[in-house]
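Let me begin by presenting the structure, written as structure tokens, before commenting on it.
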Amino acid sequence: MSGLARFNREKRVIMNRCGRIDPEQIHEYIADGGYRGVVEALCQPPEALIDLIEAAGLRGRGGAGFPTARKWRFARVAAGTDKRIVCNADEGDPGAYMDRTLLESNPHQVIEGMLIAAIAVGATRGLFYVRAEYPLAVRMLTQAVEQARQSGVLGKNILGSGIDFDINLFQGAGVFVCGEETALIRSVEGYRGTPRHRPPFPVERGLDGRPTVINNVKTLAAVPPIVENGADWFRGIGTADSPGTAVFSVVGNVAQPGLVEVPMGVTLRELIFDICGGIPKKKKFKAVQIGGPSGGFLPADFLDTAVDFEALTRAGAMMGSGGMVVMDEDACMVDVSRYFLEFTQKESCGKCTFCRIGTRHLLDILRRLTRGEGRQGDIDQLETLSRAIKTGSLCSLGRTAPNPVLTSLAYFRDEYEAHVNENRCPACVCRVMTAFYIDQEKCALGCDTCYGRCPTDAIFTSSNRKKGIDQSLCVKCGECSVACPAVYGAVIKISPPHRVPVIERPPESRF
Ligand SMILES: Cc1cc2nc3c(=O)[nH]c(=O)nc-3n(C[C@H](O)[C@H](O)[C@H](O)COP(=O)(O)O)c2cc1C
């Protein structure tokens with residue numbers, strides 16, 4: 001499928017203007033219909049605005065899919081003045097860059113969404129929480145806020161309406177847990193960014209003790225198109241329970257990785273194969289991980305699952321904020337689970353015991369398994385610990401961190417059993433349980449490609465002018481296998497019970 005055909009399958013609502021207008025020119029946004037939503041919002045009572053968002057069925061794109069109108073209504077009726085709107089642009093999931101792209105390429109749509117939220121809620125101050133690792137997004141936002149001020153859409157007496165609303169920017173230090181709304185608030189207030197028990201929810205007592213709406217970048221960017229086009233238009237896209245579109249960053253073993261915006265309800269098969277071009281190098285699809293580092297793995301049997309909040313949760317994954325990692329047949333699910341646990345364990349803030357110590361234990365077991373040091377009882381312990389962490393953790397970081405372990409155990413249990421019972425890695429990924437050798441029949445030319453890539457000089461020329469691998473020097477990096485031309489495919493990976501054929505290294509070997 002060509003690149004253009006791929007775009008024909010997308011439906012752009014949130015990213016509609018990205019790449020079409022110059023993000024540094026407010027006039028381009030206005031000329032394209034931008035800030036019309038604010039004018040319409042100012043012409044109706046705030047309650048009607050919230051009713052409109054409710055009728056559209058907009059749900060938060062920050063992970064949990066919480067109904068946006070309900071959050072706004074709570075904040076509107078909350079006692080107190082000087083209410084706040086916070087745009088959560090922390091986006092800490094590894095490999096995810098949906099929010100960053102949106103802020104870099106169309107900051108005004110997010111500002112407009114915040115402004116409409118402020119009118120609906122009765123807020124006077126807004127805040128962008130952006131991680132400092134997003135310097136271009138910070139620059140674009142700073143510039144866009146200043147332009148909006150100069151154009152009269154931010155500041156005192158917006159567009160002559162008598163309403164005041166201004167926005168500041170806060171740069172987060174790049175800590176995953178600070179994307180959690182209560183940790184975010186503490187981080188802005190100058191404390192260590194750790195979550196706290198709720199209630200009170202931020203809509204009652206948020207930033208500086210004021211009622212605060214915290215919405216994701218994409219949620220806010222979806223608001224202006226709804227105000228302009230109406231609730232029925234938005235409901236006409238996606239599914240009954242999850243109207244609208246979803247933006248995913250699809251990475252991993254797909255032919256065309258990148259950002260895609262699709263109507264909710266498309267299947268994983270359509271997304272991965274029709275839109276992103278399927279699995280490269282004629283490999284088989286093995287699993288997809290959806291929902292960021294603590295999302296679940298779904299195997300091939302689930303390819304016809306619809307991409308929406310409920311269907312993904314039912315299948316054991318979650319929508320999350322839109323990270324999607326595709327894996328082909330070469331992935332070891334034990335090793336991939338270890339990889340994601342490394343991230344969540346490192347990012348655990350340490351405030352609650354289940355998350356702090358539980359994820360540490362989970363990671364220790366997974367590391368042992370990938371080192372070939374599995375013990376009887378490990379699988380049971382992984383399951384027990386995972387359930388305890390899910391139940392006992394304070395915030396969703398801990399409550400979701402075991403998902404990769406639980407779903408890989410549910411769908412790829414045989415791989416765990418092979419690691420524990422047979423000291424074998426079926427995908428030949430875990431180094432200790434893997435060996436490489438060169439098939440003498442397939443090594444047709446005896447070319448030096450593999451030799452040139454070997455970092456430890458383990459490759460030698462055998463007496464029949466073919467190549468061989470000195471097992472005592474091989475560090476199992478797999479570079480030779482990558483280097484060997486695909487037509488030969490002479491470098492073979494094996495795991496027990498297979499044994500490496502012995503190829504003698506001639507004493508006079510040149511290499
Ligand atoms: C560990 C953790 C990290 C989070 N990171 C983000 C984030 O980067 N961006 C985001 O919008 N929400 C994040 N959330 C969810 C927020 O707590 C909150 O639910 C969200 O910002 C609400 O916005 P929405 O209603 O528009 O979805 C995170 C939650 C947790 C538990």
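Note that ligands are numbered from 1 as they come in the structure, with each ligand's atoms numbered from 1 the same way.
- In this structure, atom 27 (O) of ligand 1 lies nearest to the protein heavy atom G62 N, 2.8 Å.
- Ranked by closest heavy atom to atom 6 (C) of ligand 1, the top entry among G179, G398, G60, A64 is G179.
- For the residue pair S408 / S337, a side-chain donor-acceptor distance below 3.5 Å is found, with atom types taken as modelled.
- The part of K71 lying near ligand 1 is the side chain, judged by heavy-atom distances below 4.0 Å.
- Residue N215 has at least one N or O atom closer than 3.5 Å to an N or O atom of ligand 1.
- In terms of protein heavy atoms, atom 19 (O) of ligand 1 is closest to E181 OE1, 4.0 Å.
- Checking E91, E180, R399 against atom 2 (C) of ligand 1, the nearest heavy atom belongs to E180.
- Taking every heavy atom of I214 and a limit of under 4.0 angstrom, the matching atoms of ligand 1 come to 21 (O), 22 (C), 23 (O).
- Note: H108 and Y29 have parallel aromatic rings, judged against thresholds of 30 and 60 degrees for the angle between ring planes.
- Nearest heavy-atom pair, T219 versus R59, reported as atom, atom and distance to 0.1 Å: CG2-O, 4.5 Å.
- Annotation for ligand 1: atoms under 4.0 Å from non-hydrogen atoms of R61 are 26 (O), 27 (O).
- The backbone N or O of A69 sits nowhere less than 3.5 Å from a side-chain atom of E54 that would complete a donor-acceptor pair.
- With ring centers used as reference points, Y97 lies 6.0 Å or more from Y134.
- One N or O on the side chain of T370 and one on the backbone of L366 form a donor-acceptor pair closer than 3.5 Å.
- Among protein heavy atoms, atom 26 (O) of ligand 1 sits closest to T219 OG1, 2.6 Å.
- Enclosure of atom CZ in R20 by more than 12 non-hydrogen atoms of other residues, nucleotides or ligands within 6.0 angstrom is indicated.
- Contacts of D90 with ligand 1, taken as heavy-atom pairs under 4.0 Å, involve both backbone and side chain.
- Counting atoms of ligand 1 from 1 in the listed order, those under 4.0 Å from a heavy atom of F176 are 1 (C), 3 (C).
- A side-chain donor from one of R17 and Q109 sits under 3.5 Å from a side-chain acceptor of the other.
- The heavy atom nearest to atom 10 (C) of ligand 1, considering only T182, N88, L220, is found in N88.
- Atoms of ligand 1 found under 4.0 Å from any heavy atom of G92, numbered from 1 in the order shown, are 8 (O).
- Both the sub-6.0 Å distance and the 45° axial angle are satisfied by R70 relative to the ring of F66.
- Near N216, meaning under 4.0 Å from one of its heavy atoms, ligand 1 places the atoms 9 (N), 10 (C), 11 (O), 23 (O), 24 (P), 26 (O).
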